[in-house]
Protein chains: 2
Amino acid sequence: MEQRRPTIADVAKRAGVSKGLVSFAFNDRPGVAAPTRERILAAAADLGWQPDLLARSLSTQRSAALGLVIRRDPTVLAADPFFPAFMAGVETTLGARQHVLLLSLVPDRAAEAAAYRTLTAQRRVDGVLLTDLRRGDERLALLAELALPAVCVGRPSEPTTAPVVNLDDAAGLRAAVDHLVELGHRRIGYVGGDVAMLHGLRRRTAFLEALARHGLEACGVVDTDFSAAAGAAATTSLLAGPVLPSAVVYASDPMAVAGVAVLQRRGLRVPQDCSVTGFDGMDLGAHLHPALTTVEADPVAWGSAAAAVLLRLLAEGHAEDVELPAAALVLRGSTGPPAPDLPPYPSPPPTEETPCPDAPTP
Amino acid sequence: MEQRRPTIADVAKRAGVSKGLVSFAFNDRPGVAAPTRERILAAAADLGWQPDLLARSLSTQRSAALGLVIRRDPTVLAADPFFPAFMAGVETTLGARQHVLLLSLVPDRAAEAAAYRTLTAQRRVDGVLLTDLRRGDERLALLAELALPAVCVGRPSEPTTAPVVNLDDAAGLRAAVDHLVELGHRRIGYVGGDVAMLHGLRRRTAFLEALARHGLEACGVVDTDFSAAAGAAATTSLLAGPVLPSAVVYASDPMAVAGVAVLQRRGLRVPQDCSVTGFDGMDLGAHLHPALTTVEADPVAWGSAAAAVLLRLLAEGHAEDVELPAAALVLRGSTGPPAPDLPPYPSPPPTEETPCPDAPTP
DNA sequence: CTGAAAGCGCTTACAG
DNA sequence: CTGAAAGCGCTTACAG
């Protein structure tokens, strides 16, 4: 015969107090004398009792769960080093406390909105972590409508009441451009990510601005969906231009790796004939030949900080924004000086339509 | 003033019935006349009411959530293409129903056991998906003790009451060996994964058995933790042996990719001087130079099937095992015939300690 | 400081 | 077929 699970009533009886007092003792509320609290805690320990979460949730109207809704294609997601690390970071923070992570992977925008609505209607989560922020992100309005607390992972395009936990990854991209220019590169192409996502857009902007600061213009810019296949296609299209870039900056590591393969298939050596930089710091990058120069953020720290801020928001009703250390450039083998025998100017003189302008005199 | 959320009492009043009947109507229980049910459903729709999950959970003692506890180092996890795809598959199945996925990432065995205990004590999940099965996995006993329903993702080492959703990935490994032998390879090395995990162990066994069926022995076997770094180190150690393998079979794609880099750094060409096969079918593999010959499973289908079986187990009290299509070999550029000028036998004659035996005459 | 009671919003025997 | 009531196991005013 299975032993009945003890309830708060059992603890109260054993400690010789009322149920209410047991509850007070367990929720650290004032009004329970120290010796009484000791007695209650001891009784609970004897019985192996801990508050039933379901019952508590019904009373408090809180689920003690955090939600993360990710809208990504399974294939793209599987290749993305960000989310697993981010989630591991979230767990680092949640592990100690009593909250839990609820994950939802959705295929499209409609399913995404439905997911937030259901999560709220069923009170499955107390708040959510908002990733992959988009330009004029409609989720912000949705969450406000649903009155669902949220923290933005990355700065949204418009000011919100939701606290933001930001990590400046554009800084790393600027560093990558500076590095290439210092090496002597003047014809630098860019293979970006999804510009519908703010981080995709910001990386692109950071790239163009960094170039501009050096008085340069891009030797080709292609937007993609962050996938390796798209990175390969974009590289091919860059190579089809009238002028070969001497370096290409990629907005993700998988794209950079696929790009390197395309270059090598063309018989171009990396970095001698073309330098390449990636973005994300995926573990594998360090073990490639050549190893990938890339921009590294700390997604584990990001997840951990985001969860901490959301918890604070839930507990205190508000939370300050947090700014994490910026993403940093990691130098490895895929970047080097341009070959000395590369013509300083494009061999076919550029015309108006040419994506690659002359390198202006400094 | 915010509108109060409607309750079952409101619906009952509007439909002119008792609360109990509303509950019966919503739970498809017999005993409510068709016209009455219509009236109830209409009233609920008018009010925009749906049963409160928290209240229902307290009554039914079910959380309508499935748990997935993953014990992996964040870095290793981030490089692993399996879990995101697997989770996407799980979501495919859950999306339609009312269950939800609860994720827990834990660093070690103690945290893992604690996670299952807490999940059960708090009744946060109705059942769990068991991945990364280990030899004599102690979680099976733990789950039995906790009376927590579970399904095994992959066949456990010992028979269990838990249904298993299996996908024979060893089949793909055998195919890889057959392929290499057919190409003419006789000196084949192996870089395995974590043999504490059953899939790691089984791949290794499949490799050795497949070789044996061809009358061959392994030209070096190294176990690792599945990480790219370990794959690189293992490759280096294989190359330090008295005999160079003409092909290396890897138990994961990241290791294979890192291995290719090590070979290339040594000035060896892939596949001319050494063929390489991977395992997982990570998206990036198709976009490498050379593209990676690998063994592909379908983790999305696996996740989807596992979730479906767990749901069935919860609903009906039992569920049949499911066998998914086996993993298949995908031929790409990293495998080819051994160079004709490779000596048929190791240049330094093998001694007793040599990891690479002579190729026996067929 | 402490107790008795209502309430969270459902589900489920038990009567009719 | 239907209604009235107890119960799930907590939390939280409200009295004392």
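Remember, it's a predicted structure, so these values are computed and weren't measured experimentally. In what follows, chains carry the letters A, B, and so on, assigned in the order in which the sequence lines appear, proteins first and then strands, with residues in each chain numbered from 1.
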| said: Assess whether a salt bridge exists between Arg134(A) and Glu112(A), defined as any Lys/Arg side-chain N lying under 4.0 Å from an Asp/Glu carboxylate O. | reply: yes
| request: Could you check which of dC1(C), dG9(C), dG9(D) has an atom nearest any side-chain atom of Asp52(B)? | output: dG9(C)
| field | Length of the CD-P vector between Gln61(B) and dG9(D), whole Å | value | 5 Å
| query | For the pair made of CD1 in Ile40(B) and C1' in dC1(D), what is the distance, rounded to whole Å? | reply | 11 Å
| query | Rounded to the Å, how far apart are Lys13(A) NZ and dG3(C) P? | reply | 15 Å
| said: According to ring-ring contact (aromatic ring centres under 6.0 Å, His included), does anything in residues 34-59 of chain B pair up with another residue at least two apart or in another chain? List the pairs. | reply: Phe26(B)-Trp49(B)
| field | Point-to-point distance, once rounded to the nearest 0.5 Å, from CG of Leu94(B) to CG of Leu103(A) | value | 10.0 Å
| query | Whole-Å distance between dC8(C) C1' and Gln122(A) CD? | reply | 17 Å
| task | Identify, with sequence neighbours excluded, every residue that meets salt bridge (Lys or Arg N to Asp or Glu O under 4.0 Å) alongside Arg62(A). | result | none
| message | Please report the distance, rounded to the nearest Å, between CG in Asp28(A) and P in dT11(D). | response | 12 Å
| If only side-chain N and O atoms of Trp49(A) are considered, is one of them under 4.0 Å from the OP1 or OP2 phosphate oxygen of dG9(D)? | no
| Leu58(B) side chain: which of dC8(D), dC10(C), dC10(D) is closest? | dC8(D)
| field | Residue Ala33(A), side-chain heavy atoms: nucleotide from dG9(C), dT11(D), dC1(C) that is nearest | value | dC1(C)
| note | Atom CD1 of Ile8(A) and atom P of dG7(D) are separated, to the nearest Å, by 18 Å
| query | Testing Leu310(A), Leu66(A), Val125(A), Thr93(A) for side-chain contact (heavy atoms from CB on, under 4.5 Å) with His99(A), which one passes? | reply | Leu66(A)
| query | When we call it a touch if two heavy atoms are under 4.0 Å apart, what does Ser57(A) touch: a base, just sugar-phosphate, or nothing? | reply | nothing
| Rounded distance [0.5 Å steps], CG in Asp80(B) versus CG in Asp73(B) | 11.5 Å
| remark: In this structure, OG1 of Thr7(A) is separated from CG of Asp10(A) (nearest 0.5 Å) by 4.0 Å
| request: Ignoring the backbone of Ser18(A), work out which of dC1(D), dG9(C), dA4(C) is nearest its side chain. | output: dA4(C)
| field | Candidates Phe86(A), Phe82(A), Phe83(A) - the one meeting ring pair (Phe, Tyr, Trp, His ring centres under 6.0 Å) with Trp302(A) | value | Phe82(A)
| By side-chain contact (heavy atoms from CB on, under 4.5 Å), which residues pair with Ser23(B), not counting sequence neighbours? | Ile8(B), Asn27(B)
Taking only nitrogen or oxygen atoms into account, show me every contact under 3.5 Å that the protein makes with nucleotides 12-16 of chain C, one pair per line with its distance.
{"residue": "dT12(C)", "atom": "OP2", "partner": "Arg29(B)", "partner atom": "NH1", "Å": "3.0"}

| task | Just jot down the salt bridge (Lys or Arg N to Asp or Glu O under 4.0 Å) partners of Asp132(A), sequence neighbours excluded, or say none. | result | Arg72(A)
| field | Distance in angstrom units between Arg56(A) CZ and dT11(D) C1', rounded | value | 9 Å
| query | So what does Val22(A) touch, heavy atoms closer than 4.0 Å: a base, only the sugar-phosphate, or nothing? | reply | nothing
| task | Map every base of DNA chain D to its dot-bracket character, where paired means a Watson-Crick or G-U wobble contact with both distances under 3.5 Å and | marks a partner outside the strand. | result | |||.||||||||.|||
| field | For atom CZ of Arg62(A) and atom C1' of dC10(D), their distance in whole Å | value | 16 Å
| Want to settle it: does Pro35(B) or Ala9(A) sit nearer the 5' end of DNA chain D, counting the closest nucleotide to each? | Pro35(B)
